[in-house]
Amino acid sequence: MRTNIFHLRRIQSKRMEITIAIICAIIGFLLVTQFRVQGALSRKLMELSEQDLGQIIRELNVEIDALHREVTGMRIQSYKYRREAADKQAILDEAARNLEDLRIVAGFTRVQGNGIQILIADKEGILNEHDILEIIQELRAAGAEGISINDQRVVARSALEKREGYIKMNGKRIQSPYAIKAIGNPEILYQAVTLPGGIKDALDSLEGISFRITRESKVILPGLRPPKYRYIAPIKGE
Amino acid sequence: MGRLYLLPILGLLIGVILGLVLRVDIPSVYVPYLGIALLAALDSAFGGLRASLEGKFNDKLFISGFFGNTLMAAFIVYIGDRLGIPLYLAAVVAFGVRLFQNLALIRRLIFQSRGWG
């Protein structure tokens with residue numbers, strides 16, 4: 001009778017038996033995983049001839065070159081985009097400057113500068129809109145860049161309307177004493193108004209009117225709120 | 001085979017099935033580590049089998065050896081990689097030689113126990 005050595009073995013506790021079983025499971029798991037991964041890795045390359053491997057290397061090199069080129073292309077493109085963005089910013093800045101200029105011209109902003117101030121007191125109420133208009137005309141002809149009457153900015157759409165005892169402009173009432181401010185070359189404006197036989201002479205000759213003009217180093221003109229345009233629209237493409 | 005080997009074999013089967021079912025993918029960088037760890041684990045397993053056949057099986061020694069050898073083997077490969085020395089060769093040789101010795105001994109022990117020798 002053959003001696004069975006196995007019955008001599010003693011594994012004391014059930015726990016140890018289970019631990020060993022778990023270790024065996026780990027070994028099995030590792031074995032299969034390694035077989036699979038290693039097999040997949042090497043099988044492909046092992047089966048190939050030297051020429052095929054060389055071909056693979058050449059193809060990989062071509063791919064690497066292409067990727068390098070792609071990187072360079074991307075860099076150039078990114079540089080282009082960045083420059084384009086900078087250009088766009090410059091255009092926006094330019095547009096913002098233009099808008100500011102246009103707002104100044106249109107009279108929608110508070111502005112300041114050298115100029116003159118004319119104060120006219122009309123006790124009898126004999127001045128009419130034509131007299132005021134004539135002053136505005138004269139100042140504009142002398143190169144005034146901005147004009148206001150009694151803190152109402154004179155803009156392109158401003159109109160003077162004669163009413164009972166007062167004049168209406170920009171929808172507001174304007175009456176004596178009139179404070180007319182203009183920004184421009186103070187000397188030219190001053191001379192345009194005080195020209196012999198000019199406005200000053202004409203108004204001074206009238207009864208009950210005092211006319212005072214001063215050169216100012218700092219004239220502040222108010223801005224007019226931009227109106228809502230209901231009828232007018234730009235023509236596209238022009 | 002006795003009842004004693006039923007559970008370990010069952011464990012081995014479960015592990016194999018798990019490996020087949022889960023299909024864990026290992027990044028190719030780590031394949032050498034897993035390989036050497038597996039070799040160490042196999043060495044431990046056969047060492048354990050031999051010890052049990054000789055009647056000198058010590059479970060604590062076996063378990064600590066299993067984990068210790070496995071981790072140390074992977075670590076040695078890592079160090080070798082870092083130093084630029086193929087240290088894994090040393091691990092392969094050491095574990096490989098032991099594996100064959102253990103296998104030879106196991107064969108002898110089984111022959112003896114069956115009275116074939």
Side-chain angles (χ1 to χ4, degrees), chain A residues 1-68 70-71, chain B residues 1-28 30-46 48-49 51-60 62-63 65-67 70 109-110 112-116:
Chain A
M1 189 186 166
R2 58 185 195 202
T3 33
N4 189 348
I5 55 150
F6 296 114
H7 74 273
L8 298 171
R9 308 298 144 251
R10 284 195 305 277
I11 294 172
Q12 265 90 7
S13 69
K14 197 87 183 163
R15 225 181 63 202
M16 274 306 155
E17 228 176 311
I18 288 166
T19 314
I20 289 161
I22 289 170
I23 285 175
C24 288
I26 293 172
I27 291 173
F29 182 76
L30 288 180
L31 258 174
V32 171
T33 307
Q34 179 74 354
F35 266 52
R36 239 171 23 75
V37 175
Q38 187 66 36
L41 264 183
S42 53
R43 205 178 308 125
K44 276 184 250 159
L45 294 178
M46 293 284 264
E47 285 169 358
L48 295 170
S49 69
E50 243 169 75
Q51 279 154 339
D52 288 340
L53 288 171
Q55 181 62 32
I56 286 174
I57 289 167
R58 270 195 296 281
E59 277 167 12
L60 284 174
N61 278 336
V62 167
E63 204 173 323
I64 289 167
D65 285 347
L67 288 172
H68 274 310
E70 203 173 322
V71 167
Chain B
M1 290 289 232
R3 187 192 64 85
L4 283 174
Y5 293 92
L6 196 69
L7 238 94
I9 287 168
L10 201 70
L12 194 67
L13 277 176
I14 288 171
V16 168
I17 288 162
L18 268 181
L20 286 173
V21 170
L22 291 179
R23 305 186 70 82
V24 179
D25 263 322
I26 288 161
S28 52
Y30 298 120
V31 170
Y33 296 88
L34 182 64
I36 207 76
L38 182 61
L39 189 61
L42 279 176
D43 171 60
S44 287
F46 283 112
L49 184 59
S52 86
L53 290 174
E54 286 175 339
K56 296 191 293 199
F57 184 81
N58 179 327
D59 40 26
K60 289 187 184 69
F62 171 66
I63 291 164
F66 173 79
F67 287 109
T70 310
L109 285 167
I110 289 173
Q112 276 175 10
S113 69
R114 303 270 155 126
W116 297 340

(message) My understanding is that only residues two or more places apart in sequence, or in another chain, count here; which of them pass side-chain hydrogen bond (donor to acceptor under 3.5 Å, both in side chains) with B/Ser44?
(response)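 By the side-chain hydrogen bond (donor to acceptor under 3.5 Å, both in side chains) rule, B/Ser44 matches B/Asn69.
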
(request) Only counting residues at least two apart or in another chain, list the ones meeting side-chain hydrogen bond (donor to acceptor under 3.5 Å, both in side chains) with A/Glu70. (result) none

Taking all heavy atoms of [X] and all of [Y], pick out the closest pair and write down the distance.
X	Y	value
B/Leu7	A/Ala21	O-CB, 3.6 Å
A/Cys24	B/Pro8	CB-O, 3.2 Å
A/Arg36	B/Val24	NH2-O, 2.7 Å

(message) Counting only non-hydrogen atoms closer than 4.5 Å, does A/Ile26 touch chain B with its backbone (N, CA, C, O), its side chain (CB onward), both, or neither?
(response) side chain

(request) Answer whether the closest heavy-atom distance between the side chains of B/Tyr30 and A/Val37 falls below 4.5 Å. (result) no

I need the [X] [atom1] to [Y] [atom2] distance, nearest 0.5 Å.
X	Y	atom1	atom2	answer
B/Ile14	A/Phe29	CD1	CZ	13.5 Å
A/Thr19	B/Ile63	OG1	CD1	4.5 Å
A/Thr33	B/Leu18	OG1	CG	9.5 Å

(message) If you count heavy atoms of other groups shown closer than 6.0 angstrom to CD of A/Gln51, is the number above 12?
(response)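 No, the 6.0 Å shell around CD holds no more than 12 heavy atoms from other groups.
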
(message) Please identify, among B/Ile17, B/Thr70, B/Leu34, the residue contributing the most non-hydrogen atom pairs under 4.5 Å to chain A.
(response)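 Counting heavy-atom pairs under 4.5 Å, the top option is B/Leu34.
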
(request) Tell me, with the steps shown, if A/Ile27 and B/Phe66 meet side chain to side chain contact (heavy atoms under 4.5 Å, CB included). (result) CA-CA 10 Å; A/Ile27 291 173; B/Phe66 173 79; 3.6 Å; yes

